[in-house]
Amino acid sequence: MLKGIRIIDFSQYLPGPYTTLRLADLGAEIIKVESPIGDPARFPPEKDGGDKYVFRAQNRDKKSIILNLKERSDQQIALDLIKQADVVIESFRPGVTKRLGISYEQVLKENSDIVYCSLSGYGQEGEMSHLGSHDLNYMALSGVLSQLKDDDDRPVHPSTTIADLVGGITASETILAALLQKERTGEGAYLDIALADTVLSLMTNHVLIESATGGQKGVERLHKQVICYGLYETKDGRFVSLGALEQKFWQNFCLAVNKEEWLPEHFSMPVDTNPIYVEIKKLFKNRTLEEWTTFSLEVDCCMAPVLEAGELANHPYYKARNMIHKKWGNNYVATRFTNGQSLLENSTYPPAHGEHTTKVLGELVQASK
């Protein structure tokens with residue numbers, strides 16, 4: 001869908017590269033501009049001597065060139081590349097691109113209809129724009145972390161970088177909207193995307209509900225309030241999610257486990273003083289995760305196993321959708337479904353540092369003749 005769209009990518013680490021990975025999966029050409037040192041996400045190398053796994057995960061299907069943007073000659077090369085591009089993305093702190101000669105104002109002189117995306121922690125202006133932060137900070141500030149608490153009401157440290165990834169999704173979405181505007185009007189756009197803003201958008205229900213009722217947990221029924229919606233431990237110490245909020249799903253569940261007498265207890269509370277809740281917990285502990293997984297595929301009751309990372313590739317849903325692919329000795333995740341086709345079938349390995357410098361700059365010279 002984006003074949004013929006060229007994106008010059010000055011971003012590093014995770015949010016920016018995840019943005020351009022999503023656009024690469026849509027067919028865009030991504031030219032990753034790295035310093036002579038390289039994207040810090042490459043280092044230190046893994047035990048096999050290759051780039052860090054996080055770098056490999058985010059940078060397939062891209063071209064890497066080396067430019068030293070502290071040198072004026074290389075700044076000019078960057079601008080010459082941008083003349084032939086549709087999109088620029090950068091993830092430096094505010095003000096850095098001006099020193100490197102690739103600010104939006106400088107780029108606009110070379111390409112008046114460019115789509116230019118600045119992806120940062122706290123935006124390009126404001127009292128926090130100069131501060132360094134990481135995913136955990138954005139999740140904390142946005143209130144999302146306050147919704148991930150254990151039974152002692154203590155926030156849980158997540159092992160996935162939600163803000164970084166949601167930021168990448170938001171940035172790619174906004175770039176696509178800007179490209180559509182450009183197609184319709186001929187006008188480019190400047191996009192100021194802040195990770196703190198993007199993760200705050202996950203709190204849309206919570207913020208409105210709190211302002212109306214004072215409640216801090218969003219849709220109250222979804223937060224450990226009813227037995228039909230929760231997590232249950234299995235015989236082998238794993239967990240299953242049950243989300244049978246609608247009457248028909250609760251009925252399907254109860255009848256499938258031969259517990260018709262549970263039907264009136266649909267919205268009773270998950271507390272140990274509730275005998276039905278005690279019985280449900282006992283029921284789940286009588287079967288293994290594998291048994292409940294089979295059950296979830298046979299009985300339409302909004303149930304799914306809590307899978308670990310190593311189990312995802314073998315789940316029949318993801319296998320049928322071709323979402324995880326074995327490539328170059330590792331599993332890679334596609335960023336979208338492609339009607340059963342293998343998105344990564346013709347995918348290229350994450351580039352070596354500067355692998356495409358000679359080729360891309362050679363093409364630039366030819367184009368200028």
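In this chain, residues are counted from 1 in sequence order. What you see is a predicted model; the values in this text were computed from it and never measured.
Formation of a donor-acceptor pair under 3.5 Å by the T213 side chain with backbone atoms of E210 is not found in this model. Within the 3.5 Å criterion, the main-chain N or O of I66 finds a donor-acceptor partner in the side chain of T357. Within the 3.5 Å criterion, the main-chain N or O of F55 finds no donor-acceptor partner in the side chain of R42. Listed for the D164 side chain is no donor-acceptor partner under 3.5 Å among the backbone atoms of T161. Put simply, the side chain of E110 never gets that close to the backbone of D80: no donor and acceptor are under 3.5 Å apart. Without hydrogens or angle criteria, D25 side chain to T335 main chain gives a donor-acceptor distance under 3.5 Å. Counting only distance, with no hydrogens or angles, the side chain of D135 and the backbone of A163 share a donor-acceptor pair below 3.5 Å. No donor-acceptor distance shorter than 3.5 angstrom exists from the side chain of S112 to the backbone of L108, with no hydrogens or angles considered. Put simply, the side chain of E46 gets close to the backbone of Y53: a donor and an acceptor are under 3.5 Å apart. Using modelled atom types, one side-chain atom of W292 and one backbone atom of F284 make a donor-acceptor pair closer than 3.5 Å.
Taking 4.5 Å as the limit, every side-chain heavy atom of V87 sits out of range of all side-chain heavy atoms of D9. Taking 4.5 Å as the limit, every side-chain heavy atom of E246 sits out of range of all side-chain heavy atoms of W250. Looking only at side-chain heavy atoms (C-beta outward), T97 and V107 stay at 4.5 Å or farther from each other. Put simply, the side chain of L23 reaches to within 4.5 Å of the side chain of L2, judged on heavy atoms. Looking at V115 and D86, their side chains never come closer than 4.5 Å, going by heavy atoms from C-beta outward. Using a 4.5 Å heavy-atom cutoff, the side chains of E233 and V240 are not in contact. Taking the side chain as every heavy atom from C-beta outward, Q251 and L263 approach each other to under 4.5 Å. Looking at heavy atoms from C-beta onward, N322 lies out of side-chain contact with T338 at the 4.5 angstrom threshold.
Looking at every heavy atom in both residues, V306 comes nearest to R238 through O-NH2, 3.1 Å. Taking every heavy atom of both residues into account, V166 and T198 meet most closely at CG1-O, 3.8 Å. Minimum heavy-atom separation, P158 to L145: CD-CD1, 3.7 Å. Closest heavy-atom contact between P40 and Y13: CB-OH, 3.3 Å. Scanning both residues, I102 and A78, for their nearest heavy atoms gives CG2-CB, 4.0 Å. Scanning both residues, I7 and A28, for their nearest heavy atoms gives CD1-CB, 3.8 Å.
Note that the CD1 atom of I8 and the NZ atom of K63 stand 9.5 Å from one another [nearest 0.5 Å]. Atom CG in L344 sits 9.0 Å away from atom OH in Y332 (nearest 0.5 Å). With rounding to the nearest 0.5 Å, the separation of NZ in K224 from NZ in K217 is 8.0 Å. One finds the CG atom of D74 at 11.0 Å from the OG atom of S35 (value rounded to the nearest 0.5 Å). Interatomic distance, CG of L69 versus CZ of R99, reported as 12.0 Å (0.5 Å rounding). Atom CG in N59 sits 11.5 Å away from atom CZ in R56 (nearest 0.5 Å).
Between the side chains of D236 and T288, not a single donor N or O lies within less than 3.5 Å of an accepting N or O. Judged by distance alone, the side chains of E90 and S118 do bring a donor and an acceptor atom under 3.5 Å apart. For K62 and T20, the side-chain atoms include at least one donor-acceptor pair closer than 3.5 Å. Inspection of the S133 and Y122 side chains reveals an N or O donor paired with an N or O acceptor under 3.5 Å. For the residue pair S347 / D61, a side-chain donor-acceptor distance below 3.5 Å is found, with atom types taken as modelled. For the 3.5 Å distance criterion, the side chains of S103 and Q106 qualify, holding a donor opposite an acceptor. Between the side chains of S64 and E34, at least one donor N or O sits under 3.5 Å from an acceptor N or O.
Residue K70 qualifies as open at atom NZ: its count of foreign heavy atoms under 6.0 Å is 12 or below. Counting heavy-atom neighbours within 6.0 Å of K319 NZ, excluding the residue itself, gives a total of 12 or less. Annotation for I37: atom CD1 does not count as buried by contact number, only 12 or fewer foreign heavy atoms lying within 6.0 Å. Open room surrounds CZ on R154; 12 or fewer heavy atoms of other groups in view lie less than 6.0 Å from it. Within 6.0 Å of atom CD in E125, 12 or fewer heavy atoms from other residues, nucleotides or ligands are found, so the atom counts as exposed in its surroundings. Within a 6.0 Å radius of CD in Q76, more than 12 heavy atoms belonging to other residues, nucleotides or ligands are found.
A side chain to side chain donor-acceptor pair (under 3.5 Å) with D39 is found for one member of K32, H353, Q12 and no other, namely K32.
Salt-bridge formation is detected for the pair E363/K359: a Lys NZ or Arg NE/NH1/NH2 atom is positioned less than 4.0 Å from an Asp or Glu carboxylate oxygen. A salt bridge does not link D300 with K248: every distance from a Lys NZ or Arg NE/NH1/NH2 to an Asp or Glu carboxylate oxygen is 4.0 Å or more.
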Side chain to side chain contact (heavy atoms under 4.5 Å, CB included) between Q147 and H223: does it pass, once the steps are laid out? CA-CA 9 Å; Q147 304 306 309; H223 185 73; 5.6 Å; no
Using the side chain to side chain contact (heavy atoms under 4.5 Å, CB included) rule, take E187 and D113 through it: C-alpha gap first, then chi angles, then the decisive distance, then the call. CA-CA 5 Å; E187 297 180 5; D113 63 352; over 6 Å; no
Kindly determine whether I227 and M269 satisfy side chain to side chain contact (heavy atoms under 4.5 Å, CB included), including the steps that lead there. CA-CA 6 Å; I227 61 173; M269 296 204 52; 5.9 Å; no
Please walk me through it: do L191 and I89 pass side chain to side chain contact (heavy atoms under 4.5 Å, CB included)? CA-CA 9 Å; L191 313 174; I89 180 170; over 6 Å; no
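For the ring-ring contact (aromatic ring centres under 6.0 Å, His included) condition, the pairs that include at least one residue of residues 166-215, sequence neighbours left out, are Y104-Y190, Y116-Y190.
One hydrophobic cluster, built from ILVMFWY side chains closer than 4.5 Å, cannot hold both L245 and F249; they sit in different ones. Grouping the Ile, Leu, Val, Met, Phe, Trp and Tyr side chains by contacts below 4.5 angstrom, directly or via other members, places M303 with L283. Hydrophobic clustering of Ile, Leu, Val, Met, Phe, Trp and Tyr side chains at less than 4.5 Å, counting indirect connections, unites F253 with L289. F92 is connected to L81 through a chain of hydrophobic side-chain contacts under 4.5 Å among Ile, Leu, Val, Met, Phe, Trp and Tyr, so both are in one cluster. At a threshold of 4.5 Å between side-chain heavy atoms, the hydrophobic network of Ile, Leu, Val, Met, Phe, Trp and Tyr places L222 and Y277 in two separate groups.
Both tests pass for R221 against the ring of F267: distance under 6.0 Å to the centre and angle within 45° of the axis.
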